[in-house]
Every structure is written in structure tokens, then in C-alpha cells.
Amino acid sequence: MSGFDKKVDNFLRVFLNSGGYKMVLTGLKNTLIISVLGLLIGIVIGTLIAAVKVMPKYKTLPKVLNAICTFYVELFRGTPMVVQLLIFYYVLLPLIGMKMTGVQVAIWVFGLNSGAYISEMMRGGIQSVDPGQLEAGRAVGLSFATSMRLIVIPQAIKNILPTLGNEFIALIKETSVVSFVGAADLYVAFNYIGSNSYEFMVPYLAMAIIYIVLVLIISLCIRIMEKNLAKSDRRK
Amino acid sequence: METEKNDILIDVRGLKKSFDGQDVLTGIDMSIRRGDIVCVIGPSGSGKSTFLRCLNCMEDPDEGQIIFDNVDLADMKVDINEHRRHMGMVFQHFNLFNNKTVIENIMLAPVYTGCQNYRRENHKLFTPGNVKKEITEKAREKALELLARIGLEDKADVYPSTLSGGQKQRVAIVRSLAMDPKVILFDEPTSALDPEMVGEVLDLMKDLAGSGMTMIVVTHEMGFAREVSNRVLFMADGTIGEDAPPENFFNSPENPRLKEFLSKVL
């Protein structure tokens, strides 16, 4: 195993002395920023779309909104994240003449993309809430939107928390493609270390371990949140 | 006395409703005066619940008018949310908000509408913290009073899932009372309860009736209808087959369908 020891030494040399750890920290920071902000944007977009989808549809406006939302969801579910990143960065931004950093682009694309997926989860979550809850809200004189916001959606989010956790985990792992638009994530950092030590085995293993640890921590957080939220329903 | 008699709270004219081509209500004309305790009975599928749910437009009527306090609720242009605040509704399955504690269930609508009214009156986008606090305090005081009335003060901070069916329904009733409604609609309030809990809910409803609340009750509790109501409606095939004071209704029914119905249930 002396060969492996040497590899570890090489890795540590670049990691500690040539600024590798700084890049890893930056990569970790970017990975977290992109996935957390992306998830938050996704939850907002997804909830709005889901609310449109469950709206009663005997007026024109909800029908039009519904069509737009369906188009949006199909568009973002039908193309890979990498393609969306590239199009946003190399097509959309030049077209509207805006400048954004790779990280900003990644945050928006991740948000828009996960919004499409979360909308479907949220719709399922909303439909799993007893319709009587919405009725009771309407019966005391709250509007559809207010009843949704105060009564139905909080219960829906609780119902879909495990799947929402999966979405977060998927987002974290998918950040490994953001280097396509020049955002410095974990992949960029460990690739740098690999290139400078002429040795890729240990850096990539270390990268895998960081991802696993991140995901484990998140799973734990979700479980704690679920436990806290479950206090309102002893019967389940 | 004469003016009180003519004091009509809800006037239903030509109410029709169908679901997917099936006529459920085929034309209902009736009115409810302030202080009326009206029980609606009839075989299942006769449209009792649909009739009740049309009164506060939980189901939108296809045709006809629901004149509540001089406003036609069936008109799609009226702000139905505004008017529903004056019509309490109690459901068969209680429908307490699962994500709110008992006291939050009672306070939710008063606090929300209180803040909303403040914003509208003062043309503000947000309710200032101190105003909201004041509204919340007032609502809490009232909610505690209401809970004391049903003997459940100690349950104020628990979630509905820990209550028994009878307790849930009593909380649901005081939740509708918290908005000071002009009328309360009861949709089979005791049908989902275990038999030993029916009494406590009916007692609360009797208490309400005694306090002069206008009530419309869809029910299978013939005893309650006979004892408490001042009018009993019999619904069959989407119309009102009989509308009479309980003594006439139960002792000398005229409608042949009602005679048949009563012979089965009494």
C-alpha cells in the first residue's frame, strides 16, 4: 500500500500547501449556496404552480395560468439540467444583455428546474390534504388563496417533507455540473487538486466522501424536522 | 311581534342545482326569519346537504337567488367571503384545522379578518404590529370565553387530533361562533359521532337555540327536531315536501312521502 500512501501525501501537499483547501471551501460554499437558494426558489415557484393547478377552473384567468404552468413544467422536466444551464448562460443572458456570474446563473436555473419538480410533489401534497380543510377555511370567510396559504399548504408541506428532502439531496448532487457555466463547485476544486498533483484517485474519493457526509447531515436534519412537525398529528 | 315575524334573514327563490346533468335541487322557494331554528330532514340523496351548502355558496347555485341580508349571494359579483363571515358552518366531519391548536382554530378567522378590515379602512398594505397584537389579544380573550362555555379551557393549546369526536364538534361550533354570525348552518353535525357523544353536541346546540341564534340544521336527530326547532322541512326529490312546525310535522303530516319516511324512522 506504499503507493497509496504516496498518493495521499501528494494530495495533502496540494490540498494544504498549494491552496487546495481554499478551493474546496469555496466549492463547498458554492455547492451549498446553489442548492439551498435553488431549493428555496423552487419551493416558491413549485407552490405557486401547484396552487394554480388545484384552483377551481370555471373562469378564464385560471385556465390561462394553468396552460402556462403546464408548459413551464414540461419544458423544465423535458430537458437536462446541463442543457438548461448552457442555454441560460450562453443564449438567454446575451439575448437580454445581462451579465451574471456562473453561481448566479446556477442558482436561478436550479430554482427554475426544481420548481417544476416540486410543483408536482406539492400538487400531490395538496391533494392529500382533506378537502374539508379548505372548505372550513372558505366557510369562515377566508379567500381561496388565504385558506391555501394558512391551512392547506402548511399541511401539504408536512406531507411532502420526505420527498422535498430527496429533491434537496438531488440538487446538492447535481451541482457537480455547474462548472459548465464556470461556477467553482466541489468538482472544480478537486479537479484542480488532481491536476496539480498529477493524481486523481484520492481527490475524487475525497469528493465522494464530502458529498456523502453532506447528504447524511441533510437526511438527519429532515428527520428532526419531521419529528417536530408531527406533533400536531398524533394519530398518524 | 308582527315586524319580528317579517324579519326575513335568508330568502331563497327558485334555487336549482345539478351535478353532471343530475338534478339535485329542482326549485326551492323558502325563507328563514331571524331566530328561526329550522331542521331539514329527509331520505339520503334528497338534496338536504346540497341545499344547505348552496345557502353559503359552498356549492354555486345553477339558478335562483339566495337573498341574505338584502344581498343576492348567488350573484357571482358579490364578495362571497365577506358574507360567509356572517354565516357560520358546522360540518359532519368537524374539519378543524389540523395544523392549528384548538385556540388557534377559533382565533384564525377573527384575527385575519380583523387585520384585513383594518388595512382596508386605513388603506394600508400591512397591519402594524401593535394593532395586530391588540386584535389578537381581543380574539384570544373571546376564544377563551367560548372555550369556557363548552368547558374545554384546558384544551386550548392542544392539537385537534388529541380531542374526542364530541369535543372536536363542540370546538367547531364555537369556532363558527367566534365570528358572531347571524346564522349557523349545521350539516349533519352528529352523524359522524359515537353515540355517547351525540348528547354533548346536541346540548350545546340547544343552548345556542335558547340564546336566540338562527340555525339551519340538516339532521337525522328526530328528537332534536321535535324538541328544539320551530320549523321542520322535509326534503324529497330536490324540493321541499313539507314545511311545518314540529307538532304538525310529526303528528299530522300531509305529504305522502313524509308519512312513509316517518313510519320508517320513528
Side-chain angles (χ1 to χ4, degrees), chain A residues 43 47 50-51 54-63 121-122 124-164 222 225-236, chain B residues 49 52-53 55-60 76 79-102 104-117 157-163 168 171-172 175-181 184-187 192:
Chain A
I43 291 177
T47 308
V54 297
M55 233 189 243
K57 297 206 179 44
Y58 39 73
K59 286 184 192 153
T60 326
L61 183 67
K63 279 185 193 156
M121 296 173 201
M122 192 63 88
I126 289 174
Q127 282 166 346
S128 73
V129 175
D130 173 14
Q133 296 284 310
L134 175 64
E135 264 183 14
R138 299 306 309 271
V140 289
L142 304 180
S143 67
F144 176 82
T146 308
S147 311
M148 273 294 183
R149 187 164 57 83
L150 298 180
I151 298 153
V152 179
I153 288 174
Q155 296 182 49
I157 288 184
K158 192 171 74 183
N159 289 346
I160 66 165
L161 204 62
T163 24
L164 217 49
I222 294 166
M225 262 170 83
E226 266 181 78
K227 219 177 238 170
N228 276 330
L229 285 170
K231 62 177 187 271
S232 66
D233 49 7
R234 198 187 54 171
R235 76 209 138 81
K236 271 180 197 159
Chain B
S49 284
L52 193 77
R53 291 166 57 84
L55 290 180
N56 66 348
C57 292
M58 294 304 279
E59 307 289 350
D60 287 315
M76 292 298 276
D79 180 4
I80 188 67
N81 299 324
E82 181 58 42
H83 298 288
R84 278 196 187 131
R85 286 167 198 168
H86 307 296
M87 308 176 102
M89 187 166 205
V90 174
F91 299 87
Q92 182 176 358
H93 295 285
F94 332 127
N95 296 351
L96 292 178
F97 306 132
N98 292 327
N99 58 330
K100 306 275 177 200
T101 60
V102 166
E104 285 168 350
N105 260 277
I106 302 173
M107 289 163 57
L108 179 73
V111 170
Y112 186 83
T113 51
C115 292
Q116 194 177 41
N117 290 340
D157 295 314
V158 306
Y159 284 93
S161 55
T162 60
L163 299 181
K168 281 183 195 171
V171 171
R175 175 176 70 179
S176 70
L177 280 180
M179 294 295 284
D180 287 323
I184 302 185
L185 314 174
F186 293 83
D187 190 1

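Heavy-atom basis, side chains included; hydrogens, waters and symmetry copies ignored.
Highest contact tally toward chain B, considering only A:Gly141, A:Pro131, A:Pro154, A:Ser143, is held by A:Gly141 [criterion: heavy-atom pairs under 4.5 Å]. Chain B forms more heavy-atom pairs under 4.5 Å with one residue of A:Thr146, A:Leu134, A:Val152 than with any other, namely A:Thr146. Looking only at heavy-atom pairs under 4.5 Å with chain A, the residue among B:Tyr112, B:Phe94, B:Phe97, B:Phe91 that has the most is B:Phe97.
Atom NE2 in B:His93 sits 8.5 Å away from atom CG in A:Asp130 (nearest 0.5 Å). For the atom pair A:Lys158 NZ and B:Asn98 CG, the distance stands at 7.0 Å (nearest 0.5 Å).
Between A:Val140 and B:Leu108, every side-chain heavy-atom pair lies at or beyond the 4.5 Å cut-off. Residues B:Asn99 and A:Ile151 meet the side-chain proximity criterion, which asks for heavy atoms closer than 4.5 Å.
Closest of all the heavy-atom pairs between A:Arg138 and B:Arg84 is O-CD, 3.1 Å. The nearest pair of heavy atoms linking A:Glu135 to B:Met58 is O-CE, 3.3 Å.
Interface remark: B:Asp60 contributes side-chain atoms only to the contact with chain A (heavy atom separation under 4.5 Å). Interface remark: B:Leu96 contributes backbone atoms only to the contact with chain A (heavy atom separation under 4.5 Å). In this structure, chain A has a heavy atom under 4.5 Å from the side chain of B:Met76, while its backbone stays farther away.
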